2 protein chains.
Amino acid sequence: MNAINFAELKALQSQPTPKTSCANCSMHALCLPMGLEPSDVEKLDQVIGRRRRVKRDEFLYKRNDPFRNLYAIRFGHVKTYHVNAAGDAQITGFQMAGDLLGMDAISGAHHCDAVALEDSEVCEIPFARLEGLFSEVPALLRHFHRTMSQEIMREQNVMLLLGNMRAEQRFAVFLVNLASRYAMRGYASTCLQLRMSREEIGNYLGLTIESISRLLSRFKSLGLLQVDKREIRLLDLAQLKSLAAGMDSSN
Amino acid sequence: MNAINFAELKALQSQPTPKTSCANCSMHALCLPMGLEPSDVEKLDQVIGRRRRVKRDEFLYKRNDPFRNLYAIRFGHVKTYHVNAAGDAQITGFQMAGDLLGMDAISGAHHCDAVALEDSEVCEIPFARLEGLFSEVPALLRHFHRTMSQEIMREQNVMLLLGNMRAEQRFAVFLVNLASRYAMRGYASTCLQLRMSREEIGNYLGLTIESISRLLSRFKSLGLLQVDKREIRLLDLAQLKSLAAGMDSSN
DNA sequence: CGGGCCTTTGAACACGTTCAACCCATGTGG
DNA sequence: CCACATGGGTTGAACGTGTTCAAAGGCCCG
């Protein structure tokens with residue numbers, strides 16, 4: 001796979017900062033405008049609100065905020081999480097550039113919190129205006145439905161992970177999945193710069209921080225990866241994939 | 001809450017079998033036509049395909065079936081589940097009358113299996129025709145988006161359940177949730193006729209059949225419920241709710 | 001150099017699983 | 001009619017995975 005780094009590409013070909021628009025956003029091939037005609041992309045651009053910077057640890061939205069916008073990440077990383085009555089959190093997803101957030105809130109208000117894992121920038125997409133565009137641009141509506149559908153699939157996969165995988169397999173799935181998402185975005189997929197802490201990974205995977213630490217040590221000693229703080233170099237992706245698929249493990 | 005049994009009501013008021021349509025379906029207040037004008041309900045009726053009977057243990061759809069239809073349950077119960085590479089299943093949901101199935105497949109093909117838990121009947125909703133109706137009936141599109149959004153929320157709640165609840169709390173959540181869904185449908189909410197086996201409950205909750213059995217015994221001995229095979233009578237809903245919320249448990 | 005934060009590692013523990021036996025209701029064949 | 005098999009459910013005992021608790025290490029920034 002010829003890994004092209006879209007972000008670098010963009011930086012190379014355009015010294016003068018381009019107008020912020022979908023057409024020249026490095027994520028247009030993954031994000032909402034995916035597959036649209038240029039004229040339709042322009043209409044989408046009209047609809048999209050301001051670009052918004054979110055600093056590390058700042059909220060993108062909070063539980064019970066009224067639903068007004070969807071958010072598309074331009075760059076950076078975000079986590080979404082639920083807090084239960086007892087006060088402990090469950091992280092429901094890590095989102096990166098090109099991902100769409102907030103679809104769980106369409107029925108009324110936001111039911112989870114969204115916080116930036118690093119300084120990030122998002123496109124605010126006023127949902128009322130987007131709805132107005134749906135009748136005009138059927139391809140956009142179709143793509144929107146596919147996106148929601150994929151979000152449902154993603155969550156079902158997490159249910160699978162939490163419901164019947166052991167710790168080792170969960171962590172392998174996490175790593176392989178992260179690698180493939182970076183690959184789709186043209187980033188090096190064997191050298192992950194984790195944006196989240198061990199604790200956040202553990203929370204997402206239904207494990208403790210200690211378990212994550214032990215798994216990293218085990219995988220390291222098995223020669224599957226190298227660890228240096230939050231940089232993880234995947235050395236044996238094939239083996240990791242077979243662990244993620246539930247094969248062998250201890251033979 | 002004045003529990004009206006819609007199914008019985010319908011049976012009483014119409015000895016001659018009425019034409020099968022959304023307008024006189026007992027689930028119209030919960031299902032796709034929810035909140036639509038009568039004229040729009042009629043349009044929806046035009047779009048909906050045949051009603052289809054599914055016997056107990058028969059497939060409604062299978063993994064890799066091409067996506068053509070959504071399904072609304074008229075009566076009966078269905079389970080959806082994923083099968084992983086190793087061959088074991090994870091049940092991702094139990095659906096009942098008024099529920100909509102198949103939204104995870106919009107992006108292409110079905111990714112899970114759907115099987116009837118008892119003899120059931122569903123409305124086949126050809127998605128292409130439904131899409132055609134969206135531009136004509138904006139209220140339908142809005143409701144469809146809310147429905148997908150709610151499905152995302154439901155799955156996030158399962159992630160919460162599987163990710164950071166102990167067995168006791170999981171099972172309490174399961175019972176309370178089931179009771180509330182029956183209540184919404186006008187059925188007695190304190191006397192549950194389970195349509196699924198202990199094994200299926202356990203699978204859904206990430207537990208074993210033995211754990212479910214033990215939990216039932218424990219709850220019984222605590223005076224929270226009575227059990228007779230698959231009939232469960234909830235005796236202390238308040239206490240069950242507080243267990244489900246993560247309160248006390250052992251004091 | 002000190003303090004704070006994140007991480008790693010070790011040891012004891014606990015929750016839920018696994019394995020096994022048994023119960024009970026239902027259905028089937030001799 | 002009984003004998004027997006089958007499938008779902010319950011209960012007990014031993015086990016194991018991952019947690020909890022605790023201590024120590026590494027790193028950053030003041």
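Here is the naming used below: chain letters follow the sequence lines, and residue numbers restart at 1 for every chain. The structure displayed is predicted, hence computed values, not measured ones.
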Give a yes or no on whether a donor-acceptor pair under 3.5 Å exists between the nucleobase atoms of dC5(C), that is its base, and the side chain of Glu199(A).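 Answer no: no donor N or O sits under 3.5 Å from an acceptor.
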Do Glu168(B) and dC15(C) have a side chain to base donor-acceptor pair shorter than 3.5 Å?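 Checked by distance alone, the answer is no.
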Is [X] touching bases, backbone alone, or none of the nucleic acid, heavy atoms closer than 4.0 Å?
X: Ser197(A); answer: sugar-phosphate
X: Leu207(A); answer: sugar-phosphate
X: Gly202(B); answer: nothing
X: Arg230(B); answer: sugar-phosphate

Can you tell me which residue among Glu121(B), Glu58(B), Glu124(B) is in a salt bridge (charged side-chain N to carboxylate O under 4.0 Å, His left out) with Arg52(B)?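 Testing each of Glu121(B), Glu58(B), Glu124(B) against Arg52(B), the sole residue satisfying salt bridge (charged side-chain N to carboxylate O under 4.0 Å, His left out) is Glu124(B).
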With Glu200(A), which of Arg230(A), Arg195(A), Lys79(A) fulfils salt bridge (charged side-chain N to carboxylate O under 4.0 Å, His left out)?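 Among Arg230(A), Arg195(A), Lys79(A), the one meeting salt bridge (charged side-chain N to carboxylate O under 4.0 Å, His left out) with Glu200(A) is Lys79(A).
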Counting only side-chain nitrogens and oxygens, does [X] get under 4.0 Å of the OP1 or OP2 atom of [N]?
X: Arg214(A); N: dT9(C); result: no
X: Lys229(B); N: dC24(C); result: no
X: Ser217(B); N: dT11(D); result: yes
X: Thr208(A); N: dT19(D); result: yes

With rounding to the nearest 0.5 angstrom, report the CD to CD distance, Gln193(A) to Glu231(A).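 So the CD of Gln193(A) and the CD of Glu231(A) are separated by 4.5 Å.
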Gap separating the CG atom of Leu160(B) from the OH atom of Tyr81(A), nearest 0.5 angstrom: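 That separation rounds to 13.0 Å.
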Whole angstrom value for the distance that separates [atom2] of [N] from [atom1] of [X]:
X: Arg166(A); N: dG16(C); atom1: CZ; atom2: P; value: 14 Å
X: Leu162(A); N: dG18(D); atom1: CG; atom2: C1'; value: 14 Å
X: Glu210(B); N: dG12(D); atom1: CD; atom2: P; value: 13 Å
X: Arg198(B); N: dT17(C); atom1: CZ; atom2: P; value: 16 Å

